[in-house]
Amino acid sequence: MRRLPVYLLLDCSESMIGEPLKAVQEGVRSLLKTLMRNPYALETVWLSVITFDAKARVTTPLTELASFSPPALSVKPGTAMGSALELLQTTIERDLKKGTAESKGDFKPLVFILTDGQPTDNWQRVSKNLLKSKSKIAYIYTIGCGEEVDFKTMGSISDACIHLKDLSPEAMSKIFVWLSASISSSSAQVNEGPVDLTKSPLGNDLELVDLTKPPAFVSQKWLFFHVICQTTKKYFLARFSLDQKSGMYFPNGAFNLPDDFFSEGSIPAPQVDVNKLISTVQCPFCGNKSFCHCDACDTINCFNHKSKAKTITCAKCGEVGYLITDSDFTIGGSAG
Ligand SMILES: [Zn+2]
Ligand SMILES: [Zn+2]
């Protein structure tokens with residue numbers, strides 16, 4: 001039986017933390033369920049998952065549907081799109097069975113890239129390489145979520161781009177409805193040549209991107225700070241979102257970070273003028289409502305603004321510093 005290899009490239013950068021990542025996790029499960037009920041898909045589709053954050057990795061190698069189990073996803077800093085595309089290319093080249101005189105090889109693979117933001121590595125070079133061989137190796141579809149996606153560049157390597165404006169779990173689940181329908185129809189008609197997947201019903205939340213005039217992306221719509229808790233010495237992620245009218249960042253959530261969050265290292269943080277931040281988020285561990293920056297180790301600590309103490313001991317490096325009430329300094333954030 002000829003296989004139809006399907007690759008899911010999933011963005012697991014920190015901007016996906018919380019509900020979006022949960023929705024993707026749930027989405028892969030429902031995708032599998034739907035495909036398992038489709039006799040064509042069950043016969044031909046093989047699935048592989050490649051995830052990327054600071055690094056790209058093959059999380060699930062190409063597996064037939066009946067043996068596929070959805071991988072557990074977790075977030076890390078960074079969006080290494082370039083590494084993900086490079087890994088995709090070598091993985092496909094390794095996986096793909098070529099046709100011989102006796103048997104036909106695999107069908108041309110389908111690749112779906114799900115991303116919500118700005119790549120943090122040098123991915124343009126990789127995308128140029130991929131572009132040279134793209135028409136040979138796979139059909140590539142990009143699903144961009146939110147307003148930070150650079151559709152101009154993604155469009156250059158994709159057969160089509162689809163835009164999901166909203167990152168709510170309900171909206172995210174529509175992606176997987178579309179994916180299921182697209183993969184199902186491809187598996188049913190695969191002998192007749194390429195299927196135009198953009199013809200699969202997109203639903204209300206998804207929009208086909210007109211690549212002649214892609215939507216303008218918003219630079220740094222989200223800001224992320226890794227904060228260490230003074231009380232528990234655990235890390236959390238503080239999220240701020242840009243208000244485009246005022247150009248100011250408003251607090252938008254705090255999330256406990258998984259223990260392995262820094263296991264691949266962290267990425268260089270863009271500098272942010274704290275005067276652009278309106279207030280801070282509350283520490284999810286101890287309830288402290290302020291932040292304080294340690295100059296010695298460049299780490300942000302949560303801090304009790306009601307405390308009368310004149311000094312603060314950094315929870316990471318132990319350095320004692322004086323509190324500066326004037327907030328005219330910059331702190332390292334992350335664009336994830
Ligand atoms: Zn705390
Ligand atoms: Zn420190």
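Hydrogens, waters and symmetry mates play no part in the numbers below; they use all other heavy atoms, side chains included. In listed order, ligands and their atoms are each counted from 1.
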request  = Report yes or no: do Asp116 and Ser15 form a side-chain donor-acceptor pair below 3.5 Å?
outcome  =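 Judged by distance alone, the side chains do pair up.
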query = With a cut-off of 2.8 Å, which protein N/O/S atoms are close to the Zn ion (ligand 2), if we only count those under it?
reply =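 Short answer, with waters excluded from the count: Cys294 SG, Cys297 SG, Cys314 SG, Cys317 SG.
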task = Would you give the angle at the Zn ion (ligand 1) between Cys302 atom SG and Cys229 atom SG, to the nearest 10°?
result =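 About 110° at the Zn ion (ligand 1).
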query = Does OH belonging to Tyr40 count more than 12 external heavy atoms closer than 6.0 Å?
reply =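 It does not: Tyr40 OH has 12 such atoms or fewer within range.
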Using 0.5 Å steps for rounding, measure from the [atom1] atom of [X] to the [atom2] atom of [Y].
X	Y	atom1	atom2	result
Phe250	Thr280	CZ	OG1	13.5 Å
Trp46	Ser67	CH2	OG	7.5 Å
Leu8	Ser48	CG	OG	8.0 Å

query = What do you reckon, are the aromatic ring centroids of His226 and Phe262 less than 6.0 Å apart?
reply =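 Yes, close enough.
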